[in-house]
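Notes for the one structure printed next.
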Amino acid sequence: MVSIPDGLESWEDRNDLGKLSEAILRVMPGELESLIIEKNINGKEGDKIVCVIADGSMGWALEVAAKIGVRRAAFWPAAATSLALTFEIPKLVSDGIIDSNGRILKNQMIQLSPTIPLMNSTNFVWACVVDQATQKIIFDMLIRTRIAVKSTDWIICNSSDELEPGTFSLFPDILLVGPLLASNRLGKSIGYFWPEDSACLAWLDQQPINSVIYVAFGSFTVFDQTQFEELAMGLELTNRPCLWVVRQDIIADMDEAYPKGYKDRVHKRGLMVSWAPQQQVLSHPSIACFISHCGWNSTIEGIGNGIPFICWPYFADQFANQTYICDEWKIGLGLSKDESGIIRRGEIKDKLEHLLSDKSYKERVLNLQVKTVDGVRGGCSHNNFNNFIEWIKDN
Ligand SMILES: O=c1ccn([C@@H]2O[C@H](COP(=O)(O)OP(=O)(O)O[C@H]3O[C@H](CO)[C@@H](O)[C@H](O)[C@H]3O)[C@@H](O)[C@H]2O)c(=O)[nH]1
């Protein structure tokens, strides 16, 4: 593995997406180009770079590959529906739903096709970020992404026919190869730089089967103090064992974050860790449900282990993923905010009780688990993946 700078200093705030995106676009294309050229001029014969596979949202890397004349493939790590929405941006503009800067002109439900779930225009990927300046930066990046991804040799997506059949029939160029889960990998998962707290697995061993609420919000979500306290109190009210991932940067002041005396009150049945081995956690028999921000990886990992969801989306594609979870697959419940925009402790407790007492959520997610895992073992995802590997080898 090699790293290249992202254009920010180590102390700068990487949760500021506008600043991060600008820095990436300013610095990384040049760095990547120099890296590839250096390898291809001075590298040993077997070390030359002949193909670039890049995350589609890093469309600039695909542009660099095209410029240098290296073959390229886009990997889309999120739901295909979010890529389909990006492909449809020109139509959204011509239909008057957004303007050419991505501003939402009509607050309405839209449907890309009758077989794709309804989306609320205010939940479009770029519209969910805080301020208009950042929205514009993200929107411009998506326009570039759209062009870069559409011109690649392959677009592969971490999804499956069983999860998003409507999207794949409408956008056959997006080839599904997922869900890519740790249980299907040969070795240890790589890619995270935060140390995992594996002691939580021993703690899970001590809990009754199908009892623990697992709470994790991925790598970006941040909380304000009131919302953090309501979540803490809601979990306490359930009287159930909870494993809660509290990243060090999830809230501004971690020292003051928990309600007074909270840790002492819950210590017998609550465990807070800064980063968990999530896929191992989700496959543990003591886990009963997953309070999730609905990032796509968390979504497919929950399904891959047959765990029902309480949805707590934060931004970007997570609202569309919530729609799939709650309305399409019916394997989870959403949470309602009060008039001040806060999800209150009582709402958290009520939804958890509903989810855990109504066994139909668990039944449906177990059914979906079987169908998606089969797709990887011998279905469409399996065939696409093999063809993709052959293409790499052939050239
Ligand atoms: O304690 C933890 C918490 C998470 N994870 C892992 O971290 C990943 C989280 O991925 P995801 O659920 O997709 O969330 P984000 O990291 O927030 O992902 C970003 O990227 C996703 C894919 O493009 C988008 O769907 C999300 O909206 C976006 O926030 C998963 O593989 C988890 O297993 C851990 O290993 N330990």
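Atoms within a ligand are numbered from 1 in the order they appear, just like the ligands themselves.
Looking at P313, G56, S298 and measuring to atom 12 (O) of ligand 1, the nearest heavy atom belongs to S298. Between the choices Q318, E196, H293, the shortest heavy-atom distance to atom 29 (O) of ligand 1 belongs to Q318. Nearest residue to atom 33 (O) of ligand 1 from E301, Q279, Q280 is E301 (criterion: closest heavy atom).
Salt bridge E236/R345: absent, no basic N to carboxylate O contact under 4.0 Å. Under the 4.0 Å criterion applied to side-chain N and carboxylate O atoms, D338 and R344 are assigned as salt-bridge partners.
Ligand 1 places these atoms under 4.0 Å from at least one heavy atom of G295: 11 (P), 12 (O), 13 (O), 14 (O), 25 (O), 26 (C). Close contacts of ligand 1 with V245, meaning ligand atoms under 4.0 Å from a residue heavy atom, involve 1 (O).
The closest approach between a heavy atom of P77 and any atom of ligand 1 is below 4.0 Å. Under the 4.0 angstrom criterion for non-hydrogen atoms, F315 is in contact with ligand 1. The shortest heavy-atom distance from R247 to ligand 1 is not under 4.0 Å.
The aromatic rings of W244 and Y262 sit perpendicular, their planes meeting at an angle over 60°, well past the 30° parallel limit.
Considering backbone and side-chain atoms together, N321 places no N or O closer than 3.5 Å to any N or O of ligand 1.
The nearest pair of heavy atoms linking R265 to K260 is NH1-O, 2.9 Å. The minimum heavy-atom distance linking V70 with I49 is given by the pair CG2-O, 3.9 Å. The two atoms that bring P259 and M233 nearest to each other are CG-SD, 3.7 Å, heavy atoms only. In this structure, F388 and A73 approach most closely via the heavy-atom pair CE1-CB, 3.7 Å.
For D317, every heavy-atom contact with ligand 1 shorter than 4.0 Å involves the side chain, none the backbone. By the criterion of a heavy-atom distance under 4.0 Å, both the backbone and the side chain of A276 are placed next to ligand 1.
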*asked:* For a side-chain contact (heavy atoms from CB on, under 4.5 Å) check, start with the C-alpha distance between L352 and I291, then their side-chain angles and the critical distance, and finish with the verdict.
replied: CA-CA 9 Å; L352 276 165; I291 301 187; 4.0 Å; yes

